[in-house]
Visitor: 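Below is a structure I'd like to ask you about.
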Amino acid sequence: MATIKLSISIDDELLKRADEAADRNFMTRSGIIQVALNQYLLQDDIMRSVKSMATSMRKIADTGKVDKETMQSLQELEAFAKIVSAGGF
């Protein structure tokens with residue numbers, strides 16, 4: 001995986017907090033920002049999966065059936081859950 005340099009704008013107090021967290025954890029500023037971004041994206045993936053699961057469960061509850069689309073969604077959720085539980089993120 002390639003590393004890319006970029007320039008961002010960030011609130012000075014947020015940057016101060018990030019630098020303090022990096023120091024406490026023996027990390028660089030870039031490292032702490034990468035960790036924070038990765039955690040945010042993982043949280044977003046999990047929230048989308050939970051919403052998808054809720055939609056699938058509602059569909060099953062309403063119809064009493066599992067159609068092809070719902071089964072596909074449930075299989076994708078199961079695969080995602082295995083990745084997350086194995087620490088694949």
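Worth knowing before you read on, the calculation uses all heavy atoms, side chains too, and leaves out hydrogens, waters and symmetry mates. Residues take their numbers from the sequence shown, with the count starting at 1.
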Visitor: Could you name each residue pair satisfying side-chain hydrogen bond (donor to acceptor under 3.5 Å, both in side chains) that touches residues 5-19, not counting sequence neighbours?
Guide: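 Residue pairs passing side-chain hydrogen bond (donor to acceptor under 3.5 Å, both in side chains), neighbours aside: D19-R29.
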Visitor: Any salt bridge (Lys or Arg N to Asp or Glu O under 4.0 Å) pairs touching residues 70-80, not counting sequence neighbours?
Guide: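 Output for this query is empty, none listed.
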Visitor: Any chance you could lay out the side-chain hydrogen bond (donor to acceptor under 3.5 Å, both in side chains) test for T70 and S56, step after step, and finish with the verdict?
Guide: CA-CA 6 Å; T70 303; S56 294; 5.2 Å; no
Visitor: Determine whether R48 and S52 make a side-chain contact, defined as any pair of heavy atoms from C-beta on separated by less than 4.5 Å.
Guide: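 R48 does not reach S52 side chain to side chain.
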Visitor: Report the residue from R58, K65, K59 that forms a salt bridge (Lys or Arg N to Asp or Glu O under 4.0 Å) with D62.
Guide: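 Among the candidates, only R58 passes.
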Visitor: Same hydrophobic cluster for L42 and V50, using side-chain heavy-atom links shorter than 4.5 Å among ILVMFWY?
Guide: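 The answer is yes; both residues are in one hydrophobic cluster.
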Visitor: Of all the heavy-atom pairs spanning L77 and S49, show the shortest one and how long it is.
Guide: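 Shortest heavy-atom contact: CD2-O, 3.1 Å.
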Visitor: Report the residues that fulfil side chain to side chain contact (heavy atoms under 4.5 Å, CB included) with M27, sequence neighbours left out, ordered by chain and then residue number.
Guide: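 Partners of M27 by the side chain to side chain contact (heavy atoms under 4.5 Å, CB included) criterion, ordered by chain and then number, come out as A22, N25, I32, V35.
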Visitor: Hydrophobic clusters here meaning ILVMFWY residues chained together by side-chain heavy-atom distances under 4.5 Å, can you tell me if F80 and M53 are in one?
Guide: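 Different clusters: F80 never reaches M53 through Ile, Leu, Val, Met, Phe, Trp or Tyr contacts under 4.5 Å.
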Visitor: Answer yes or no: does atom CD1 of I4 have more than 12 heavy-atom neighbours from other residues, nucleotides or ligands under 6.0 Å?
Guide: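 Open.
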Visitor: Using 0.5 Å steps for rounding, measure from the CD1 atom of I33 to the CG atom of L14.
Guide: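 Between atom CD1 of I33 and atom CG of L14 there are 8.0 Å.
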